[in-house]
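First listed ligand is number 1; within each ligand, the first listed atom is number 1. Note that the structure is a prediction, hence the values are computed from the model and not measured.
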Amino acid sequence: MQKIYSFKTNLLALMSTLIIAFSCGDKGGNTPPPDPCAGITISVAATPTSPSTVGGTNGSITASASGGGSSFTYSINGGSFQASGSFTGLAAGNYTIAAKNNDGCTGSTTVTVAAPPNPCTGITITVSGSTTNPTTGGGTNGSINATGSGGTGFTYSLNNGTFQSTGSFNNLAAGTYTVTAKSSAGCTGSATFTLTDPCTGVTITVGGTSTNPTTSGGSNGSISATASGGTAPYTFSLNSGAFQSSGNFTGLAAGSYTVTAKSAAGCTGSLGFTLTNPNPCAGVTIGVNNNVVNNTPCAITNTGSITAAASGGATPYTYSINSGPFQSGSAFLNLGVGSYTITAKDANGCTGNSTVTNVNNLPAGPLFTAVKTVLQNNCNSCHNGTTANGGMNWTVDCNIVTNKDRIKARAVDASPSAMPPIGLMPAGERQKITDWINAGGKFTD
Ligand code: HEC
């Protein structure tokens with residue numbers, strides 16, 4: 001029991017203590033901590049130093065703070081704080097310097113780093129000089145020799161290139177150039193120079209005559225070219241070949257040629273020439289002599305022919321009949337009655353006047369004529385166009401020729417039976433048939 005009592009007493013004491021402590025804590029929270037910067041004003045004094053040159057970046061600012069606290073640190077344009085109030089490497093411009101003491105209290109000021117006075121103010125740098133144009137068309141041996149004035153210790157730049165100690169610029173093509181001169185103080189001036197191509201405005205005119213090859217396909221044509229409009233002496237080139245001092249070109253075949261003339265200054269002009277082959281047919285007259293063989297009628301195939309012989313052109317000739325294809329052979333065979341046009345063409349393609357040749361039928365021969373009379377007198381009553389016994393009509397000449405063997409068989413040999421049916425003709429009449437057959441039995445026999 002005593003133990004329980006004792007615990008109860010201690011618990012009450014502890015509770016009293018907590019209540020007291022709580023009351024004290026409540027009273028402390030109603031009192032804010034003191035502001036260490038209250039009433040403190042940090043002043044910053046800053047001394048600028050300009051860059052040594054216009055556009056330079058070696059300006060500086062030296063700052064020092066005062067007004068409370070100690071262990072100041074410094075910042076420029078919101079940068080990190082540093083122990084030193086010295087800032088270097090500055091270009092001209094406005095800067096904000098802040099200072100902070102060991103309690104974190106800050107102050108700031110704005111300071112201007114002024115640009116140094118411009119040494120070129122009132123200074124005019126003048127560039128003058130001379131030019132030398134390129135000596136040949138398209139050449140690159142032009143030059144500029146420039147000199148600056150209005151300052152000292154000049155260096156020179158061509159077209160904003162690197163500055164060099166001399167104002168001489170060589171190996172220049174025609175064109176416009178800007179030379180800038182810079183004095184040792186950095187003051188600049190510039191001038192424009194123009195180099196002119198010696199061929200600008202120069203027109204080289206090429207003239208001349210050409211002579212065609214004297215034979216078709218020959219190579220004895222020539223060109224004789226001349227030039228004007230530039231400075232002599234000229235040189236000449238054929239079809240972009242090597243230049244030569246003469247404008248004469250020989251040994252030329254038919255074709256198109258270009259002659260280029262070049263003046264002493266290298267200015268060029270050109271002209272085209274065309275050489276043509278002579279007409280191989282000019283003055284050539286081709287004649288055709290035709291040897292005609294007339295046709296033998298009633299033959300199985302026509303026997304007429306024309307054999308042509310051309311002259312007056314270049315051999316070999318070819319020949320055409322009735323505008324057909326040209327052939328190397330000069331003979332046209334198996335021709336019937338008709339008119340034929342023969343054309344000859346020589347080795348150069350020259351054609352002669354066409355000649356019209358008639359092929360006629362040969363006349364009937366005497367043996368045939370005698371047989372025909374025999375048939376008229378002894379046979380035609382039964383063998384004509386109206387009554388053609390056995391299919392035979394002897395009033396048509398070629399029927400006689402075609403069936404000669406049958407005629408002989410019936411009228412001479414009585415095989416298989418005699419014609420005319422009443423009996424064989426007298427021996428003299430039959431002999432005429434035999435003689436004709438023996439001679440060949442043709443229309444012309
Ligand atoms: C009176 C009428 C008559 C006379 C004239 C006559 N013929 Fe005929 N010929 C005929 C008759 C009909 C036939 C058909 C029957 C035959 O083939 O025997 C014929 C058939 C032919 C035939 C065809 C048969 C064969 O062998 O291929 C030949 C050829 C012919 N005669 C040749 C002659 C000759 C040639 C003569 C005159 C020399 C001639 N005839 C005179 C009546 C005649």
Q. Are K442 and V401 close enough, and set up right, to give a side chain to side chain contact (heavy atoms under 4.5 Å, CB included), and what steps lead you there?
A. CA-CA 6 Å; K442 297 197 295 290; V401 174; 5.6 Å; no
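- In this structure, the side chain of N290 does not engage the main chain of V292 through any donor-acceptor pair within 3.5 Å.
- Nearest-heavy-atom check against atom 24 (C) of ligand 1 across M392, R410, R406, M425 picks out R410.
- A donor-acceptor pair is defined here as one N or O able to donate and one able to accept, closer than 3.5 Å; no such pair exists between the side chain of N403 and the backbone of R406.
- When hydrogens are left out, the protein atom nearest atom 4 (C) of ligand 1 is C382 SG, 3.2 Å; that is the closest non-hydrogen contact.
- Counting backbone and side-chain atoms alike, M419 contributes an N/O/S atom closer than 2.8 Å to atom 8 (Fe) of ligand 1.
- Within the structure, the closest approach of N403 to ligand 1 does not fall below 4.0 Å when heavy atoms are considered.
- Checked by atom type and distance alone, the side chain of T231 never pairs as donor or acceptor with a backbone atom of S263 at under 3.5 Å.
- The residue among Q376, K404, H383, R430 with a heavy atom at the shortest distance from atom 21 (C) of ligand 1 is H383.
- Taking 2.8 Å as the criterion, C379 does not count as a coordinating residue of atom 8 (Fe) of ligand 1, since none of its N, O or S atoms falls below it.
- Looking at N377, N380, N378, V374 and measuring to atom 5 (C) of ligand 1, the nearest heavy atom belongs to N378.
- You'll find the side chain of V179 stays beyond 4.5 Å of the side chain of N159, heavy atoms only.
- Judged by distance alone, the side chain of T121 and the main-chain N or O of N118 form a donor-acceptor pair under 3.5 Å.
- Of the protein's non-hydrogen atoms, the one nearest atom 14 (C) of ligand 1 is G390 N, 4.0 Å.
- At the top of the distance list for atom 11 (C) of ligand 1, counting protein heavy atoms only, stands N389 CB, 3.5 Å.
- For F368 and F443, the distance between ring centers is under 6.0 angstrom.
- With hydrogens left out, the protein atom closest to atom 41 (C) of ligand 1 is P420 CA, 3.5 Å, a heavy atom.
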